[in-house]
Amino acid sequence: MAFEKSIQLLGDTVTYELSADVKKYTLRDLGFAETKAGNFQLERSLDPNSPFNQGIKVKIVVDKTLSGFKMSTTTANGLKAVNIFKDENKKAETEQFDYVIGQLVDRDVLKKR
């Protein structure tokens, strides 16, 4: 999957784009880890009861040049994309997703369109 300027998740009505004001130190402050390739990766569990449970997670990777990003909601092993917006039973995961994304929007990492 190539890095994109804007992404709309499976089932979501909002499109997200990488802010032009994003900084590397902000990514590190928010918990992004630098990969061997120099990109910045964040993986967060969407389990509202415990962040350590193996369940659905959100995965965000920002290009090392801060020019593009990838974002997905996946199963615990990260191999299959999950639509958390279509199932009413996933309401807690959707709220947790909104919280994680809200932090990124507040810190000028992502913008909603």
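The structure displayed is predicted, hence computed values, not measured ones. In what follows, every heavy atom counts, from backbone to side chain, and hydrogens, waters and symmetry copies are set aside.
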Practice item. Kindly indicate whether the side chain of L104, heavy atoms from C-beta on, has any atom under 4.5 Å from the side chain of F32. Key: yes

Review point. Looking at NZ of K57 and CG of L42, how far apart are the two atoms once the value is rounded to the nearest 0.5 Å?
Key: 11.0 Å

Practice item. For the residue pair L9 and T73, establish whether any side-chain heavy-atom pair is separated by less than 4.5 Å. Key: yes

**Study point:** Gap between atom CG of D21 and atom CZ of R107 - 0.5 Å precision
**Key:** 13.0 Å

**Study point:** Closest heavy-atom pair and its distance - F69, Y16
**Key:** CZ-O, 3.5 Å

Study note, to complete from the structure: All heavy atoms of I84 vs all of K90, minimum pair found to be O-CB, 3.4 Å

**Study point:** Whether S72 side chain and T74 backbone form a donor-acceptor pair below 3.5 Å
**Key:** no

Revision key, fill the gap. Of all heavy-atom pairs linking L30 and R44, the shortest is O-NH2, 3.4 Å

Review point. Mind checking whether I60 and I101 have side chains closer than 4.5 Å, heavy atoms only?
Key: yes

Review point. Taking C-beta and beyond as the side chain, do V82 and E93 meet within less than 4.5 Å on heavy atoms?
Key: no

Exercise for review: Evaluate the side-chain proximity of E43 to K59: yes if any heavy-atom separation is below 4.5 Å, no if none is.
Suggested key: yes

Revision key, fill the gap. When rounded to the nearest 0.5 Å, the distance separating CG of L10 from NZ of K86 is 7.5 Å

Exercise for review: Verify the distance criterion only: is there a donor paired with an acceptor across the side chains of T65 and S67 at less than 3.5 Å?
Suggested key: yes

**Study point:** Modelled atom types, side-chain donor and acceptor of Y99 and Q103, under 3.5 Å
**Key:** yes

Point to revise | NZ or CZ of K70 within 45° of F3 ring axis and under 6.0 Å | key: yes

Revision key, fill the gap. CD1 (I56) and CG (N83) are apart, to the nearest 0.5 Å, by 9.5 Å

Review point. Roughly how far, to the nearest 0.5 Å, is the CD atom of Q8 from the CE atom of M71?
Key: 9.5 Å

Practice item. Indicate the atoms forming the closest heavy-atom contact of R113 with S6, along with that distance. Key: NH2-OG, 3.0 Å

Review point. What pair of heavy atoms forms the shortest contact from V62 to L18, and how long is it?
Key: CG1-CD2, 4.0 Å

Check your understanding: What is the minimum heavy-atom distance between K64 and G38, and which atoms define it?
Key -> CB-O, 3.0 Å

Review point. Should L66 and K24 count as side-chain neighbours, where that means a heavy-atom distance under 4.5 Å?
Key: yes

